[in-house]
Every structure is written in structure tokens, then in C-alpha cells.
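Data first, discussion second: the structure below is written as C-alpha cells.
Whatever order the structure lists them in is the order used to number ligands and atoms, beginning at 1. Owing to the predicted nature of the structure, the values given are computational and were not obtained by experimental measurement.
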Amino acid sequence: MRNYGLTAVADFLGDRMVYRNLDAADARLPRLAELRAAVGLADNAIPRKSAPEYARVVVRLLRLARALDAPGTPLTRLVFIGDTRLNDGAAFANLCRVGDWPGVAFIGAEQPASAQAEVVAPDGYPLYLANRWTLLADFDAFCRQQGVPVDEHTAVILDLDKTTLGARGRNDHVIDAARVAAVRRTVGELLGAAFDPDRFEAAYAQLNQPEFHPFTADNQDYLAYICLIVSSGLWARETLVADVRAGRMTAFAQFLAAVHARAAALPADLRALHTDIHARVQAGDPTPFKAFRYTEYRETVARMGALPATAAPEDLLAREICLTHEVREQAMAWRDRGALLFGLSDKPDEASIPSDALRAAGYKPIHQTPTHAVGA
Ligand SMILES: [Mg+2]
């Protein structure tokens, strides 16, 4: 591994990307609100990455972006770089289907076994499953063999989270560490002197387990809120765990309603926060715990480009969210061949883009924040 120095995703991607709200960072591209009618999307709904509606929005943005850069050059194929077989694989197949494009996807996750790639095609579109990020160098030839050469007719999608930044199996634990630190800090600041770190840690560690995903919907905002309520003492962890296991508490909405019924017992500031989150959930906001997500932004950028330029690659991978050198290098080679690069991040916008006050203090969106590029 080598440290390739400080650089930002935007240095090669520009602002050609969307975070979870699907509002393109590039001001020349339309906002999601302007695209709703054209792609048949209901008011307020923000489709998730694996949904067909998500692909309809992104394909539209890809074509508009290509028309800005290279008028009269149609996109005729797609290459996708990601890290999750199910979620990225579904998003990739949907993009190919909606665009009516042939495509190939690279799904990377570093593993200790010897380097190997396996090709599967669950939806009829090939997924190149690689256990080394360095296999991206071979992937280019694979695309050509599959009839998907990368040139000015090709859209190249780069997944951001745990692919372009914080490569899965190599550096992704730092992204998770930032999120957990954000939950802890948010709950700690809200509870002040009443914060009991042990009670919080026990709740987070247990309720974050897959066993509780049906209850938490594997939604980190919901989990943070549940940990806050348990840490506040309003609800004992043991009681909650027993109720979930016995099937008496089956969904987050049920818990939220139960807290609502007891909210009078909460201190005034927690009651106000509960009321806000309750209203946002009723309105269909999937990221209702705004304070947590703003803190997650701070904890994330605090882990980017923070170590000295001379830091060893192992230290950078242990403590920073690094740019994946192999992804960056391959993306730049494809860009030089005329391909359209476009980034997708599933991170909520509140956790990715600074507030106006932070922006004035020099903070930037995650894709514009410099960090060390590390790779083989
Ligand atoms: Mg990802």
C-alpha cells in the first residue's frame, strides 16, 4: 500500500454526483423536484437506490450531463463500480434496463483469500465480483470482452460510500466509526450530565445487530433515536429487547407511538426533540434525526485528510476515510477516453453537505473534501 497524497473526489468527478436526496451537486443539472413529473415520481417521495424510480432519475441526469459535455454524443452503455452485490447490483441492473444499455459492473470487497474474480449475472447483466480493488486494472479488459468498451458513449457510475471513499474490506470501518461516534456524541450532548456511556454502548451494540433489523428497519436514524430513549432512562434496554423478541414490539413506528404516549415524562428539551422526530416520521422523512446527521457530517470530515502528509498507509487506512487509489486511477483513465463519470452516494444530504454556517467556515461537501488517496 502507498500514500498517494491529498486529493478530493471532485478533483476527477467534478460536481457530477448526487447524495441521497438525488439533487445533483452540479448546478447546471436539474433538482429532483424539477424531474418528478418527467420520471413519474410522486411528490415528496425520494426513491432508494435499488428502486426502479431511482434509476429513472439517474438515467435522466446522465443523459443531461452528457448533452452538456458532448452535445450530439448519445450514451449507449454503462459501467458501474460498487461494493455491494445486492444493493449496487440491483441499482446497476435497473440503470441498464431503464437506459436500454448493455452494461458491466465491478463489485469490490477486499478479502484475505488469494486474489480472484467471479462473474455472475443474476439479472442478465454481468457482475464482476472481485476480492481485490487492484483487480480494477483487469476489469477494463473484461468490459471490452463483454462488448462494453469505455469511451465517450459510456456512462461510468462510481458508488461513493465504501467504494470511491473508504474501500470495503480495506478502509470501510472508518466510515462506520464516524457514524457510531456521531450517534454517541449526539446522545451524549442531548443528555448532558445524565449521559451514561455504558448504558448507551450496551444499547447500541445490541440493537445494531441483524436480529433487531426488522424492528429498527436497519435505519441508523431510528437506531440513534432508540438509543437516546433507552439512554435517557425512559425505556429499559432489557424490557425493549424482551418485547422485540416476544413479538410484542415489532416495528419502529410502534415504539415511536409508545414513546409519544409517555413523552410527558421526558425532560423539556428531549420532549421537543421527540416531537420533531415524531412529526418528521409521520411526514415520511427516512432520516428524521437531523441533529445526528449534522454531527455525522462533522465526524466524517474530521476523518478526512486529518493525518500528516508523511503518515504511513497503514495508519491512514486505520484512522482516515481514504480515497481508493485504484478507483481514482481507473476513473481518470476512463475520463481521458471521453467517458462520462457520475457519482452516487446513499448518504443523507445532512450528513454530506455542510450547513451555511459551516460552509462559511470553510467546510465543503464530502466529495470536495480532500483526503489521502491510498492503494496498491
Ligand atoms: Mg457503497
Side chains of residues 100-122: which donor-acceptor partners sit under 3.5 Å, not counting sequence neighbours?
| residue | atom | partner | partner atom | Å |
| --- | --- | --- | --- | --- |
| Trp101 | NE1 | Leu75 | O | 3.0 |
| Trp101 | NE1 | Gly99 | O | 3.3 |
| Glu110 | OE1 | Trp133 | N | 3.0 |

| task | Please confirm whether the backbone N or O of Lys364 pairs with a side-chain atom of Thr369, one donor and one acceptor, at under 3.5 Å? | result |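 It does hold such a pair.
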| query | So, Thr371 side chain and Gly305 main chain: donor-acceptor pair closer than 3.5 Å or not? | reply |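 It does hold such a pair.
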| Within 45° of the ring axis of Phe289 and under 6.0 Å from its six-membered ring centre, is that where the NZ or CZ of Arg293 lies? |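 Because its charged atom misses either the 6.0 Å distance or the 45° angle limit, Arg293 does not stack over Phe289.
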| message | Centroid separation under 6.0 Å, is that true for the rings of Phe252 and Tyr225? | response |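 Close enough - the centres of the two rings lie under 6.0 Å apart.
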| Polar contact flag, side-chain donor to acceptor under 3.5 angstrom, Gln254-Thr250 |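 Yes, side-chain donor-acceptor contact under 3.5 Å.
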| request: Return the number of protein N, O or S atoms with a distance to the Mg ion (ligand 1) smaller than 2.8 Å. | output: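 That number is 3, waters not included.
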